[in-house]
Amino acid sequence: MDAEAIKALKGRYCNSLTDYSRFVTREVFIGDIPMGGNNPIRIQSMTTTNTMDTIGTVEQTIRMVDAGCEYVRITAPSIKEAQNLAEIKKELLNRGYKVPLVADIHFTPNAAEVAARIVEKVRVNPGNYADKKKFDQLEYTPSEYQAELDRIYSKFTPLVKICKEYGTAMRIGTNHGSLSDRIMSQYGDTPRGMVESAMEFMRMCEAQNYYNLVISMKSSNPQVMVQAYRMLVESMVAEGMNYPLHLGVTEAGDGEDGRIKSAVGIGTLLEDGLGDTVRVSLTEEPEYESPVAIALVNRYSLRSQKSKVESQKFEFDSKPQTHNPQPTYNPYEYVKRETYEANAFIGGHMVPRVVVDLSAKNLKDPAVLNDAGYLYNNLLDKYNMAEQSVDFVYLADSLPSFTLPGNLKQLYNYKTWQSLQSKTNCHPVYSLAEYVSATERDHALNLVKIKPADIESEEFGAIPLDKTLVFVLETDAVNGMQDQRGLFFKLQELGLDVPVIIKRSYPDSEFDMSKLGDITSPEEPISKLQLYAATDLGGLLVDGFGDGIWIDAPGIPTKTITSTAFGILQATRSRISKTEYISCPSCGRTLFDLQETTQMIRSRTSHLKGLKIGIMGCIVNGPGEMADADYGYVGAGPDKITLYRGKEVVQKNVSAGNALDQLIEIIKNDGNWIDPAL
Ligand code: SF4
């Protein structure tokens with residue numbers, strides 16, 4: 001794209017909100033593997049070994065490359081590690097691996113200047129490249145602010161010159177948790193602050209005619225991360241820039257939570273057509289990260305790669321909402337779509353509801369509900385609810401031979417519902433045509449299945465509107481998320497505040513079902529379901545769309561569907577049902593075993609619903625890393641842990657053997673502890 005084409009996008013962050021269209025960026029060369037432009041979306045990851053351990057780092061790098069990693073990042077905390085990158089590179093070449101290496105730099109311009117002569121790319125953090133954080137809240141006059149920028153320019157310029165001379169690329173990698181005092185004082189820890197933090201460095205690079213840049217805006221909160229990347233693109237476009245984007249959710253955690261959180265953030269932006277390289281950060285072995293990133297990215301290789309700039313079919317507006325229901329869409333701020341409350345079942349200010357389909361299960365066995373979060377007690381013949389108990393079960397035309405719990409709503413196809421002798425707790429699901437011509441409707445709740453194209457139909461125009469109506473929004477489109485997003489815009493245009501359950505269907509053909517039951521790699525069906533659903537549903541929830549979700553995946557166990565649905569709601573912060581762990585992926589700076597420690601902390605705190613616990617291998621970026629956590633467990637030195645309450649240090653240098661007990665004591669003293677259920 002030339003400068004004129006970029007400017008034609010002014011005021012936008014993507015080519016289209018309702019169709020898949022990749023935002024074409026400048027091509028940047030990183031060794032032999034170019035990124036951006038029309039190149040494939042690249043996969044990358046980071047080592048967790050000590051950088052001075054040459055053979056350990058080389059062997060881990062090889063495992064990562066064999067798993068699909070195209071660039072490998074290695075930490076360089078000081079000059080000696082930066083120098084050792086040459087040994088690592090040499091050994092990799094000896095073993096036939098030419099993968100481009102990226103040096104990860106925090107605080108140490110001198111290490112960056114060494115590394116930039118050795119590796120293909122350096123990552124700098126604009127929050128700490130030339131700033132030692134003092135955590136001062138200063139007021140800057142315009143001239144003082146400019147003087148700060150001048151100071152940074154003189155510290156940063158030598159690196160830019162070396163990169164130009166050696167053909168080294170650079171990532172300007174902003175992190176929500178490590179913004180400089182200057183940015184914090186001016187913007188707070190906001191998406192705007194993150195964007196400005198990078199833009200200042202980008203302008204300095206351009207002032208020196210250096211354009212070999214890649215940009216990232218990471219946060220452990222997918223909502224913040226999505227808003228920051230979108231705002232970055234809009235800001236770049238306004239200044240005639242189109243640098244490639246490195247996407248990542250930082251400190252995403254492990255297992256299902258880590259995958260879902262990553263997919264909500266990364267997947268949403270991929271749907272927007274943004275992103276040229278992806279790094280999934282998991283608190284797991286680094287070779288497990290690339291398959292997850294590949295599964296996320298591969299969906300888009302099937303879509304049409306439209307590079308032309310399309311007209312945007314729906315305008316968005318970042319001004320405050322003033323009408324009711326809200327008429328505009330703000331991609332830079334979370335605003336929940338306003339809907340009415342349908343008889344205290346769904347919509348309004350209620351948290352999004354969860355629907356699962358049990359119609360093909362054994363409805364003679366009360367224990368069938370265990371996987372939907374209702375634990376059946378055989379002796380007492382009663383159910384216990386859990387934090388992740390679904391709200392509705394869809395039974396289609398199947399009738400259970402036992403009594404379901406009173407707080408669980410049953411959904412039946414219209415004709416079957418009509419024939420029920422007792423309709424208590426039972427509600428009908430109609431096709432649009434059935435609803436329009438129905439001779440009988442429920443007095444409490446009527447669910448009507450629609451697809452986005454239905455809104456143009458005569459039947460839709462004839463739909464009886466009252467506060468029992470809820471739409472179940474389906475889609476057959478390959479670009480289903482944008483298709484469904486388009487429907488939300490149309491409902492807004494029409495001023496319809498009907499609650500919407502977003503339904504996505506994943507037939508067995510989406511996965512290789514022959515492998516089900518033998519889950520050994522993140523490419524297996526369960527992982528794919530988690531990634532796809534988190535992208536498709538998370539991408540709408542993160543913008544405030546949707547009053548409920550329904551994942552329809554006949555080949556996937558109900559238990560997985562239930563936990564995935566609640567995981568997506570948790571990651572989008574729309575319904576909290578469990579403890580959240582913000583754990584870093586670890587790297588060469590790590591001071592304890594992240595995976596083991598995360599499991600240990602989880603085993604004693606996983607019942608503390610709503611609490612966010614940060615688990616960091618080191619405090620490289622200062623207490624800002626705790627921006628999104630209620631409590632923190634952070635490596636301070638060998639066998640030394642520092643404990644945080646938010647950004648406040650509560651206990652320093654506690655021995656690792658006592659640290660978890662001490663953390664629990666702090667939580668108890670704050671009144672935030674409950675005993676686990678027996
Ligand atoms: S917080 Fe974790 S990943 Fe980040 S630098 Fe420290 S140890 Fe490495």
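One-based numbering along the sequence shown. Counting starts at 1 for both ligands and their atoms, in listed order.
Proximity of C584 to ligand 1, defined as any heavy-atom pair under 4.0 Å, is confined to the side chain (atoms from C-beta onward).
Enclosure of atom CG in D32 is not indicated, since only 12 or fewer non-hydrogen atoms of other residues, nucleotides or ligands lie within 6.0 angstrom. At most 12 non-hydrogen atoms from other residues, nucleotides or ligands lie less than 6.0 angstrom from NZ of K161.
Note on ring orientation: taking the six-membered ring where Trp is involved, the planes of F156 and Y129 are perpendicular (angle over 60°, cut-offs 30° and 60°).
In the vicinity of R589, heavy-atom distances shorter than 4.0 Å reach the ligand 1 atoms 5 (S). Contact atoms of ligand 1 toward G617: 2 (Fe), 7 (S) (distance under 4.0 Å to a heavy atom of the residue). In the vicinity of C618, heavy-atom distances shorter than 4.0 Å reach the ligand 1 atoms 1 (S), 5 (S), 6 (Fe), 7 (S). If you number the atoms of ligand 1 from 1 as listed, the ones under 4.0 Å from a heavy atom of C587 come out as 3 (S), 5 (S), 7 (S), 8 (Fe). Per-residue contacts place T590 under 4.0 angstrom from the following atoms of ligand 1 (heavy atoms of the residue considered): 7 (S).
Screening R73, R279, K121 for a salt bridge (Lys or Arg N to Asp or Glu O under 4.0 Å) involving D104 leaves a single residue, R73.
The closest donor-acceptor contact from the side chain of E120 to the backbone of T168 lies at 3.5 Å or more, if one exists at all.
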